[in-house]
Every structure is written in structure tokens, then in C-alpha cells.
Amino acid sequence: MPSKLFPNVVLNYSIFKLAILQTLEMLVITAVISFCISIIFGIILVVTKKNGILMNTVIWNVFDKIINLFRSIPFIILIAALIPLTRLISGTAIGVKGTIFPLIVGIVPFFSRQIEAALNELDGGLVEAGQVMGLSPFQIIYSIYLKESIGSIARVTTITIISLIGLTAIVGVVGGGGIGDFAIQYGYQQNQQDATIACILVLLIIVSIVQVIGTLISRRVEH
Amino acid sequence: MTTQKIVSFDHVSKEFEGNNKSSKIQVLKDVNLSINEGSIFGIIGYSGAGKSTLIRCINGIESPTKGDIYFKKTVINRISNVELRKRRKEIGMIFQQFNLMPSRTVFENIELPIKYSGKSKAEIKQKVNKLLELVGLPEKINTYPANLSGGQKQRVAIARALVNDPQILLCDEATSALDPQTTADILELLKKLNENLGITIIVVTHEMHVIEDLCEYVAVLDKGRIVEQGEVYSIFSNPHNELTKNFIATTSKLNLPDEVLHSDLLALSGNKLLIKITYVDSEAVEPLISYVSRKFEVDANIIVGDIKILQQKPLGGLVIILDGTKAHIKETIDYIKGQNIRLEVLEHAK
């Protein structure tokens with residue numbers, strides 16, 4: 001049955017399997033690293049903003065402007081522009097190893113904005129309650145901003161990872177491997193329609209799994 | 001009760017920057033206040049009068065542009081952040097919107113202020129249980145705030161505010177989101193805390209009945225300025241400022257609406273005169289009515305009466321229609337004015 005529906009995928013099954021693994025590898029590594037960075041950036045943006053608990057106009061402006069700068073560069077151009085830096089950091093600009101750095105640079109600005117929005121959604125009264133209790137800024141960040149925003153953070157992380165899946169397909173174009181690379185090489189360049197469709201199905205499954213996990217987490221923590 | 005000051009404001013002014021940088025909005029103007037330890041102090045004003053800013057100056061959430069705020073011997077607006085956080089543990093606060101953490105149970109909410117204090121788990125548990133007992137919600141310990149009623153949420157918020165054993169409890173419109181019965185229950189609880197724990201309570205509100213039911217002292221705030229302050233009884237019995245009078249009017253039944261005053265419902269005819277008398281001190285009123293009707297041969301028809309007990313002293317008055325000869329009515333009025341009673345002629349016969 002699969003060999004009838006997807007003859008070219010079956011023919012290149014081991015390459016296809018490798019592509020899926022590569023996509024998952026890029027996705028997981030980038031998601032984990034960029035989540036950590038973006039949480040920090042998002043917190044910095046929220047606490048240093050005007051009337052924030054650690055208001056600091058200079059720091060806020062620096063982060064705000066840098067994020068805007070990187071968000072305005074189209075990802076495909078960003079990859080090209082980053083090549084020298086990628087080589088320096090990862091030792092190579094191709095393969096999965098070479099894609100992690102540009103993926104992080106590509107997704108962190110978007111992710112930080114998402115986290116910032118999630119944290120800003122929090123009722124200011126809760127933060128004020130933390131202040132009047134005599135909690136330190138760090139305690140407020142940890143036990144109010146983050147703890148009370150887990151649901152929102154799970155939601156924006158889901159959105160971001162789904163965008164990230166899109167980016168992993170784009171890096172495939174510059175020799176990164178993964179499902180995007182497979183779809184271009186077999187589906188597009190060799191005009192094997194079934195390969196493209198198989199790629200779409202795999203991505204659809206990954207997106208669905210991410211969405212379900214995200215929804216479960218945000219539902220679980222919200223009362 | 002001691003008469004030691006616990007909080008005082010010394011010429012406090014505060015201005016915010018307006019929308020364009022050159023315009024300044026004055027929120028507080030030269031506020032002077034002193035609040036006695038162990039008292040219940042009310043601050044009343046319309047929204048936008050600066051009440052919330054004023055109460056937030058006490059725990060340093062807001063800082064003044066001029067003047068100083070004293071918490072006992074500490075100048076709260078001139079200490080380091082670390083020192084300020086320590087002071088804040090001595091000043092509990094509750095809010096109109098309760099501000100409970102939705103992702104935490106009642107227990108976790110109350111525990112939050114002392115979670116990082118280094119106290120042992122058992123100690124914290126005991127403290128939380130004791131407070132839940134005090135606010136009357138021991139069975140709700142593992143409930144999430146979303147499943148509590150407004151009154152219950154405020155009780156949890158009160159327990160949370162008390163967990164550091166503060167000396168002051170600040171209440172920012174704490175009953176404004178609650179229905180009348182729940183409001184009465186919460187005010188009762190606050191009174192009980194004041195009596196049993198000796199905690200100083202400072203409330204801001206726009207509802208005069210909260211002041212009436214709860215407070216011993218009141219300050220009336222109008223556009224950032226304190227226009228009147230003093231003991232609640234003397235303010236209620238003898239208000240000077242127009243705004244104060246308006247607020248008091250909201251709690252009195254003696255103010256007949258204009259439609260009634262100018263209508264034929266009262267059937268004023270002949271020499272009949274509609275008057276309002278209000279007691280200034282605690283002399284009772286009924287003997288007066290029977291006395292004047294006997295002595296001056298006038299009929300006194302009581303239309304409305306409103307007498308309440310404020311701080312163990314009666315306060316209120318009557319609206320009555322006097323009927324008799326012109327001369328008798330004049331004598332009556334002169335007599336009443338000679339007593340320690342305020343008299344106002346509301347309407348003559350048409």
C-alpha cells in the first residue's frame with residue numbers, strides 16, 4: 001500500500017527517515033536553547049519596562065531595538081548573513097550542526113516577543129500583591145510572573161515551535177538537511193509529488209503533537 | 001488604647017507626569033495626616049481623588065515628590081529597597097480585586113509571603129491553619145480561588161495579608177466589589193481583627209457607610225487635598241466641608257428628594273412648616289418634640305426619622321411638619337435653635 005501511494009518515499013526510505021530525525025533534532029535543540037534565552041529576554045523586557053518592577057529605560061531600549069532589528073530581517077537572508085558567524089560558532093555552516101545557530105537567531109526575537117506578551121498579560125494586581133508582601137524582584141519574577149503565566153507561556157511556546165518547524169524547513173534549502181531539504185530535493189527538483197505530500201503529512205503530525213502537548217499543559221495549570 | 005502615632009504624613013505632595021511632558025498632574029497636595037496605633041482610620045473620596053496613591057505611599061509602592069511619610073520612626077520614602085521590603089512585611093494590604101494567585105490553592109496563597117522566609121514547613125502550616133481559622137474558612141484550604149465567592153476571596157486575602165503578623169492592615173476599596181451583606185461580614189471581621197490583634201487598620205473607600213460602620217477617624221480627600229479630618233462622630237454630627245456633607249447625605253434618610261419636597265404629598269397648607277432637626281450632641285430627641293408641642297401648642301408631625309448609634313453615641317435627626325399659629329411656630333423654632341440642635345427650614349406652605 002505505501003509503495004503504491006508513495007513509491008519514491010519507499011525507494012528513499014532511509015533518507016526520508018534521516019530527514020525526519022534531522023528535523024526533530026533541529027527542532028528539539030533549537031526549541032530548548034531558544035526557550036531558555038527567550039524566557040530571559042522576555043523577563044528583561046517586562047521588568048525593565050516603564051513602571052516595571054526593575055524599570056530601566058536604557059536596558060529596555062537596547063533589548064527592544066535589537067529584537068526589532070532581527071525581526072525585520074527575512075530568515076533566508078539572515079541565514080546567509082550569519083554564515084561567517086555560524087562557522088565561527090559551530091565550526092560549519094552546513095548540516096544540522098550548521099543550522100542550530102541561525103535557527104536560534106531567527107526564532108529568539110519572535111519567541112522573546114511572545115514571552116513578553118504572555119508575561120504582560122498577567123494582571124498587574126498580582127505583581128503589586130507580591131510587592132506589598134515584601135517579595136524581592138527575583139521572587140516576584142519566579143513565583144508570580146513565571147508561575148502564574150505557565151499557561152500563557154505554554155500557549156506562546158506552542159505557537160513559536162510551530163513557526164520554528166517552518167524555519168527548519170527553510171534552513172534545509174542551504175544544505176541543512178531535514179524534511180524541508182528532502183521535499184526540495186525529491187519533491188521539487190525531481191518532481192516527485194508523493195515525496196512532497198509525505199513531507200507535508202509528517203510536518204502535519206509534528207505540528208499536531210506540539211499543539212496537543214501545548215494545550216494539555218496550559219489546561220492543566222489553569223484553574 | 002495607646003495614642004502613639006504609627007503612620008504620619010508630613011506635607012506630602014505627589015505629581016505624575018501628564019501625557020505631554022510639560023503638564024504635571026497633581027495627585028496629592030500637601031497632605032498632613034497622623035494615624036494612631038491601634039485605630040481604624042478611614043480615607044474617603046471620589047474616584048480620582050488620590051486615595052489609592054495616598055494609601056500606597058504608606059508601604060512605599062508610590063513615593064511622594066515632596067514631603068515624608070513616617071512609619072513609626074522610619075521615613076518610608078527614604079530607605080533602601082532592601083529595608084523597604086522588610087518594612088512591607090510589617091504592613092499588610094488587601095485590594096478591591098483581591099489579587100489572589102489563580103494558580104495557587106488557598107493554602108499556597110496564604111503561604112506565599114512567608115514561603116522564602118526560612119520558616120519550617122510545619123511552622124508555616126500551623127500559621128496558615130490558624131489564620132484560616134481566624135477568617136472563618138478552614139475547610140477551603142485546598143480550594144483554588146476561582147472556586148471561591150467574592151467574600152471568601154477577600155477573607156483569604158486578609159489571611160494572606162496577616163501571615164507576617166503586620167502592625168498595619170491597608171485596605172484599598174476592600175469591600176467595593178462585594179454585595180452589601182458580604183461587605184457587612186468583611187467589615188465585622190476587620191473590626192474583630194482590630195479588637196483582638198490590636199492591628200491598625202487604614203481603609204480607603206468611596207462609600208460613606210464603610211466609614212460609618214468601621215472607622216473611628218476619617219479624612220475626606222478631594223482632588224488630592226484633605227479637606228476635613230477628625231473623629232467620625234464629630235465629622236458626621238458637624239461636617240463643615242460641602243463634599244463631606246454630600247458623603248454624609250448618602251448615609252442619611254433625612255434627605256427628602258426634591259420631587260417629594262415640592263410635591264403635594266406633604267400637603268403643606270396654612271401655617272405648616274417643614275423642618276429638619278439634627279442632633280449635634282447626644283441629647284435625645286423625643287422629649288423635645290413632646291415638650292414643644294405641649295409648651296407652644298404646635299402639632300409636630302414626624303415625616304422621617306433616622307437615628308443611628310455611632311461610636312456608642314446617637315446621631316441623626318427628624319424631618320417634621322409643624323402646624324399651629326404663626327407666632328407659636330416662630331416661638332418653637334426660636335426655642336429649638338436655642339438648644340444644641342441644628343434646624344433647617346425645608347419648605348413653607350404654598
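Just the heavy atoms: all of them, side chains too, but no hydrogens, waters or symmetry mates, feed the values below. Every chain is numbered from 1, with letters handed out A, B, ... down the list of sequences.
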Using a cut-off of under 4.5 Å on heavy-atom pairs, state which of [options] scores highest against chain A.
options	value
B:Glu90, B:Lys115, B:Lys86, B:Arg104	B:Arg104
B:Leu100, B:Ile91, B:Asn164, B:Leu112	B:Leu112
B:Arg87, B:Met101, B:Lys89, B:Met93	B:Met101
B:Ile61, B:Asn59, B:Asn147, B:Val163	B:Ile61

Among B:Lys51, B:Lys14, B:Arg56, find the residue that satisfies the salt bridge (Lys or Arg N to Asp or Glu O under 4.0 Å) test when tested with B:Glu62.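 Checked B:Lys51, B:Lys14, B:Arg56 against B:Glu62; only one passes salt bridge (Lys or Arg N to Asp or Glu O under 4.0 Å): B:Lys14.
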Other residues, nucleotides and ligands only: do more than 12 of their heavy atoms fall within 6.0 Å of OH on A:Tyr142?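 No, because the 6.0 Å sphere around OH of A:Tyr142 holds 12 heavy atoms or fewer from other groups.
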Using a 6.0 Å cut-off, check whether atom NZ of A:Lys65 has over 12 heavy atoms from anything other than its own residue.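 Yes, NZ of A:Lys65 has more than 12 neighbouring heavy atoms, counting only those of other groups under 6.0 Å.
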Is chain B contacted by the side chain of A:Glu148, its backbone, both, or neither, given a heavy-atom distance below 4.5 Å?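 It is both, since atoms from each part get that close.
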Is it the side chain or the backbone of A:Val221 that comes within 4.5 Å of chain B heavy atoms, both, or neither?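 The backbone, not the side chain.
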Atom of A:Val171, atom of A:Thr168 and distance for their closest heavy-atom approach: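 Heavy atoms only, the tightest pair is CG2-O, 3.1 Å.
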Indicate the atoms forming the closest heavy-atom contact of A:Phe111 with A:Ala31, along with that distance.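 Minimum heavy-atom contact is CE1-O, 4.4 Å.
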